[in-house]
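Written below as structure tokens is the structure these notes are about.
Side chains included, hydrogens not; waters and symmetry mates left out as well; all remaining heavy atoms used. The first residue of the sequence shown is numbered 1, and numbering continues consecutively from there.
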Amino acid sequence: MSGDEKVGLMEARAALQAECLRVFPVVRKQVDAHGNTFVWQMDKGLESSVFGAPVDQAHITNLTADQVRRIARENGKIYNQACMAITPKVLALSTSIESLSHGTLSLHEELNCFRSIVERLAVLEASLRKIAHTISLSEIRSFDDLLEVRESISPLIGTRFSWSDLQVADFPEMPSKTDYFHDAAETRVDLSARNILNQIDKLQKDENYKGIRPFYNFCCEFVHPNIGDNLATTRKKRIIRTQGGQLAYMTEYNENPLVASSDDSDFFILFSKAYAFGTMLTREAERVTLQYGILLNKIERVNRKCAHKVVKRQKECFSRDDFCPCGSGKSIRLCAFR
């Protein structure tokens, strides 16, 4: 590898680390205030027909006090569901960015971090755009608006598996394909589990993300055992003369070829491009998570307002020592009636 190529690689890697150091606290800050949520255990005995009654309309329906309390509690779970959908993915995104900022990972580990960033960005962008087509963040004011937002982010918390069935079976006894999945009609499909490539392809059409699918393919191929293991461990290739005077092609292997020189200059040029693209994705992660931080704050405020409204309007149905339906974890005395 020539001196210019080595300098270019090291500069690209240093630029990535610097950007990750800057972006990581910004990304993590967006969910710091949304790391704890409180919901009641599922109320039993409530007829399903009244679950759809909005909390701010409970006073005009023919419901008992117990039903009013249960509806308020159920509707107050919207903020919890939003945190369940968004917070884990933003935390996973921030963890990958933090890992890249250290500069101590192997090539395999760095490429896996890039894959994680691409996948999280793909699903977060997909839900963000779905929300934008439905309602703007500044227009979220009512309970109906919260329901629209919940519908847009619901694919972020689905699953393909029937976890209860998996717990009672050993892996050797499980079928190889779909028998242990939920029935399709009853399953909320996890966007990141089933449609990840579709979402990445959609991002590829965006000018800001042009090149993200080839970049993702490169990351996946690099960590594949066939080619990835060779590229990730090859340190030096050179021709040597054996004791018998014959020429031989010798290859040395090291767990991280970036710590030593190499004759394979194309490999290092490619990684310089990969680090540069990863730096761009890190900046996009900052932009996307800032919007989700705004969204979570908005959902929390509107959810609290709606829950407090029904508590104050129908205070005879609630005890001041009950947990507040807004999900704050505080009693009604210290929250809605504060």
Side-chain angles (χ1 to χ4, degrees), residues 19-20 23 26-28 30-31 34 81-97 99-100 110-137 147-161 177-178 181-182 184-224 273-274 276-296 299:
E19 192 67 12
C20 289
V23 170
V26 178
V27 173
R28 182 62 62 89
Q30 305 314 309
V31 293
H34 307 284
Q81 292 166 346
C83 290
M84 186 188 304
I86 298 168
T87 299
K89 285 182 170 55
V90 174
L91 285 175
L93 190 60
S94 70
T95 298
S96 295
I97 294 173
S99 297
L100 288 170
E110 287 180 335
L111 267 294
N112 273 322
C113 285
F114 285 144
R115 287 180 63 185
S116 174
I117 290 174
V118 170
E119 291 170 356
R120 270 72 187 176
L121 274 178
V123 295
L124 288 171
E125 276 279 20
S127 287
L128 204 58
R129 294 177 183 191
K130 188 175 180 181
I131 294 171
H133 287 144
T134 305
I135 188 171
S136 68
L137 298 184
L147 291 178
E148 291 186 7
V149 173
R150 182 176 67 175
E151 183 65 24
S152 297
I153 63 176
S154 61
L156 293 174
I157 54 177
T159 180
R160 296 180 298 167
F161 292 94
K177 295 197 176 178
T178 59
F181 290 169
H182 277 300
E186 300 176 357
T187 305
R188 290 183 301 174
V189 177
D190 183 353
L191 201 63
S192 61
R194 189 166 292 183
N195 297 323
I196 182 65
L197 292 179
N198 291 337
Q199 303 307 324
I200 295 174
D201 285 338
K202 290 179 181 178
L203 283 187
Q204 170 70 19
K205 299 176 183 178
D206 190 314
E207 192 63 31
N208 292 335
Y209 289 102
K210 192 172 184 179
I212 193 171
R213 180 59 190 268
F215 176 74
Y216 183 74
N217 291 343
F218 162 72
C219 295
C220 294
E221 186 67 15
F222 186 88
V223 298
H224 190 280
K273 296 177 181 179
F277 197 87
T279 302
M280 180 277 293
L281 289 182
T282 302
R283 288 193 290 269
E284 290 299 319
E286 178 184 23
R287 177 186 61 80
V288 170
T289 53
L290 280 171
Q291 295 183 66
Y292 272 104
I294 296 172
L295 176 63
L296 283 173
I299 292 175

Report the C-alpha separation of E119 and K89 in whole Å, then their side-chain angles, then the decisive distance to 0.1 Å, and conclude whether the salt bridge (Lys or Arg N to Asp or Glu O under 4.0 Å) test is met.
-> CA-CA 10 Å; E119 291 170 356; K89 285 182 170 55; over 6 Å; no
Residues passing the side-chain hydrogen bond (donor to acceptor under 3.5 Å, both in side chains) test with S94, sequence neighbours excluded, are R28
By side-chain hydrogen bond (donor to acceptor under 3.5 Å, both in side chains), S116 pairs with (sequence neighbours left out) S96, R120
Heavy-atom closest pair (C219 atom, F114 atom, distance to 0.1 Å) is SG-CB, 3.7 Å
All heavy atoms of S127 vs all of Y292, minimum pair found to be CB-OH, 3.3 Å
Item to check | Residue pair L93 / V288, side-chain heavy-atom distance below 4.5 Å | outcome: no
Check: Less than 4.5 Å apart, any side-chain heavy atom of L203 and any of R129?
Finding: yes
Rounded to the nearest 0.5 angstrom, the CG-CD distance for L296 and Q291 is 12.5 Å
- Message: Pair L197, Y216 - check side chain to side chain contact (heavy atoms under 4.5 Å, CB included), show working.
- Response: CA-CA 9 Å; L197 292 179; Y216 183 74; 3.7 Å; yes
Notebook entry, point to check: What's the verdict on side chain to side chain contact (heavy atoms under 4.5 Å, CB included) for L281 and I212, showing C-alpha distance, side-chain angles and the deciding distance?
Noted result: CA-CA 9 Å; L281 289 182; I212 193 171; 4.0 Å; yes
**Study point:** Validation row: L111, F218 side chains within 4.5 angstrom (heavy atoms)
**Key:** yes
Looking only at heavy atoms, the pair that brings Q204 and P214 closest together is OE1-CD, 3.4 Å
In short, H34 meets Q30 closest at the heavy-atom pair CD2-O, 3.5 Å
Q) Does any N or O in the side chain of Y209 come within less than 3.5 Å of the main-chain N or O of E284, such that one atom is a donor and the other an acceptor? A) no
Sorted by chain and residue number, the side-chain hydrogen bond (donor to acceptor under 3.5 Å, both in side chains) partners of R283 (sequence neighbours excluded) come out as none
Legend entry - Candidate pair L100 and I117, rule side chain to side chain contact (heavy atoms under 4.5 Å, CB included), full reasoning: CA-CA 11 Å; L100 288 170; I117 290 174; 3.8 Å; yes
What one should report as the nearest heavy-atom pair of A82 and I299 is CB-CD1, 3.7 Å
Hits for side-chain hydrogen bond (donor to acceptor under 3.5 Å, both in side chains) against E286, two or more places apart or cross-chain, chain-then-number order -> R22
Here the salt bridge (Lys or Arg N to Asp or Glu O under 4.0 Å) pairs for residues 210-219, sequence neighbours left out, are D201-R213
In this structure, CZ of R287 is separated from CG of N208 (nearest 0.5 Å) by 6.0 Å
Checking T289, T95, L91 against V27 for side-chain contact (heavy atoms from CB on, under 4.5 Å), the one that qualifies is T289
Sorted by chain and number, sequence neighbours left out, side chain to side chain contact (heavy atoms under 4.5 Å, CB included) with K130 holds for S152, P155
